[in-house]
Amino acid sequence: LGEITEIDLIPQEETMVTLTTGGYIKRINPATYKIQKRGGKGIMGMKTMQDDIVEHFLTANTHDNLLFFTDSGKVFQTQVYEIPEGTRVARGRGVMNFLEVSTDEKVLSLIPMHKVKAGETRAEKFLVMVTKNGRIKKTSLDEFENVRKSGIISIKLEQGDSLKKVVTTTGNDDVMLVTKSGAAIRFSEKDIRPMGRSAAGVKGIRLKKGDEVVGMDVVFDK
């Protein structure tokens, strides 16, 4: 028999993770929320301080790893079960309490990494990143298997640039970028060759003066 580790004692269950703009994070049992009829007034999902709002919301398994990408181009990782579980109205704990994120870094993307069992293959194969200045990069998910809580570089940034969004792709998806001025571009991710973590990426969109990328998402054809 193999040695029992801490994660072996944690039940595998679905959980919801929220992170606010002020950097407060918690996980909540989905059973906390009861189904309501259409038109219901809803219930409070989190108590926030003034000027703080919920910015990220996702579901994950307690045994998943969770990647935190910041605007500085770094990525941090923790296991979902290590995020403190809170009540429905709890504020949560500061993310800096268990990740070595500096006060001038902002978390902009949360990516859950599901555990792959023996014989299974992961549908998502790559992480695609885009910067404010329109640089785009695709890197194999395998390069993010051993991310530390102290963080590692996910993309090399030019001076004055910052990481804007990170998404997972299968290798056969289309990617769409949108800019502050309302410009948009859609292209196949096959047009982007995979690069290592330390690479700076390639130009994904040509920006007019004063414009910048504000969003990216994966487009699925029916």
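- Nearest heavy-atom pair, Met216 versus Lys165, reported as atom, atom and distance to 0.1 Å: O-NZ, 3.0 Å.
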Run Ile28 and Phe57 through side-chain contact (heavy atoms from CB on, under 4.5 Å) and show every step you take.
CA-CA 11 Å; Ile28 319 162; Phe57 174 87; 5.8 Å; no
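- Thr131 and Asn133 share no donor-acceptor pair across their side chains, judged by distance under 3.5 Å alone.
- No side-chain donor-acceptor contact under 3.5 Å links Thr21 and Glu55.
- Screening Leu110, Ile83, Val54, Leu58 against Thr18 for a side chain to side chain contact (heavy atoms under 4.5 Å, CB included) leaves a single residue, Val54.
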How far apart are the C-alpha atoms of Ser154 and Lys74, what are their side-chain angles, what is the distance that settles it, and do they pass the side-chain contact (heavy atoms from CB on, under 4.5 Å) test?
CA-CA 5 Å; Ser154 65; Lys74 293 184 71 174; 5.9 Å; no
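- The list of side-chain hydrogen bond (donor to acceptor under 3.5 Å, both in side chains) pairs with a residue in residues 207-216, not counting sequence neighbours, reads Thr179-Asp211, Ser181-Asp211.
- No salt bridge links Glu85 with Arg93; every basic N to acidic carboxylate O contact stays at or beyond 4.0 Å.
- Judged by distance alone, the side chains of Thr169 and Glu189 do bring a donor and an acceptor atom under 3.5 Å apart.
- Using modelled atom types, one side-chain atom of Asp64 and one backbone atom of Asn61 make a donor-acceptor pair closer than 3.5 Å.
- A 4.5 Å side-chain heavy-atom check between Val75 and Ile111 finds every atom pair outside the cut-off.
- In this structure, Val128 is not a member of the same hydrophobic cluster as Val166, with clusters built from ILVMFWY side-chain heavy atoms closer than 4.5 Å.
- A continuous path of Ile, Leu, Val, Met, Phe, Trp and Tyr side chains, each step under 4.5 Å between heavy atoms, connects Met129 with Val147, placing both in one hydrophobic cluster.
- What you find for Glu124 and Thr168 is that their closest heavy atoms are CG-OG1, 3.6 Å.
- Interatomic distance, Ile153 CD1 to Ser198 OG, rounded to the nearest 0.5 Å: 9.5 Å.
- Considering only heavy atoms from C-beta on, Lys138 comes within 4.5 Å of Pro194 through its side chain.
- Counted by atom type alone, Thr170 and Asp173 present one or more donor-acceptor pairs between their side chains at under 3.5 Å.
- The cluster map of Ile, Leu, Val, Met, Phe, Trp and Tyr, joined by side-chain heavy atoms under 4.5 Å apart, puts Leu99 and Ile25 in the same cluster.
- Val218 and Leu141 end up in different hydrophobic clusters when Ile, Leu, Val, Met, Phe, Trp and Tyr side chains are linked at under 4.5 Å.
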Derivation of the side-chain contact (heavy atoms from CB on, under 4.5 Å) call for Lys149 and Thr78
CA-CA 6 Å; Lys149 288 187 177 182; Thr78 189; 3.8 Å; yes
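- Nearest approach of Val101 to Met96, heavy atoms of both residues: O-CG, 3.2 Å.
- Val95 approaches Leu19 most closely through the heavy-atom pair CB-CD1, 4.5 Å.
- No donor-acceptor pair closer than 3.5 Å links the side chain of Ser162 to the backbone N or O of Lys132.
- Two residues are said to be in side-chain contact when any heavy atoms from C-beta on lie closer than 4.5 Å; Val202 and Met195 meet this criterion.
- Between the side chains of Ser140 and Glu143, not a single donor N or O lies within less than 3.5 Å of an accepting N or O.
- Note that OG of Ser72 and CG of Leu108 are 8.5 Å apart. Values are rounded to the nearest 0.5 Å.
- Side-chain atoms of Val130 and Leu177, non-hydrogen and from C-beta on, do get closer than 4.5 Å to each other.
- For the pair Pro84 and Phe98, the tightest heavy-atom approach, listed with the atom from each and the gap, is CD-CE2, 4.0 Å.
- Thr70 and Glu105 share a donor-acceptor pair across their side chains, judged by distance under 3.5 Å alone.
- Within a 6.0 Å sphere centred on NZ of Lys106, heavy atoms belonging to other residues, nucleotides or ligands number more than 12.
- Between Asn65 and Gln79, the shortest heavy-atom distance links the atoms OD1-CG, 3.0 Å.
- Side chain of Lys137 to main chain of Arg197: a donor-acceptor pair is present (N/O by atom type, distance under 3.5 Å, no hydrogens or angles).
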side-chain contact (heavy atoms from CB on, under 4.5 Å) for Leu127 and Val167? Distances and angles first, verdict last.
CA-CA 6 Å; Leu127 285 172; Val167 296; over 6 Å; no
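- To the nearest 0.5 Å, the span separating CZ on Phe144 from CZ on Phe126 amounts to 12.0 Å.
- Atom-to-atom distance recorded for Arg27:CZ and Glu82:CD is 10.0 Å, nearest 0.5 angstrom.
- Summarising the geometry, atom OG belonging to Ser109 is positioned 10.5 Å from atom CG belonging to Leu67; distances are rounded to the nearest 0.5 Å.
- Atom CD1 of Ile136 and atom CD1 of Ile205 lie 9.5 Å apart (nearest 0.5 Å).
- Under the 4.5 Å side-chain criterion, counting only non-hydrogen atoms from C-beta, Ile192 is in contact with Phe187.
- Follow the hydrophobic side-chain contacts under 4.5 Å out from Phe76 and you reach Leu66 in the same cluster.
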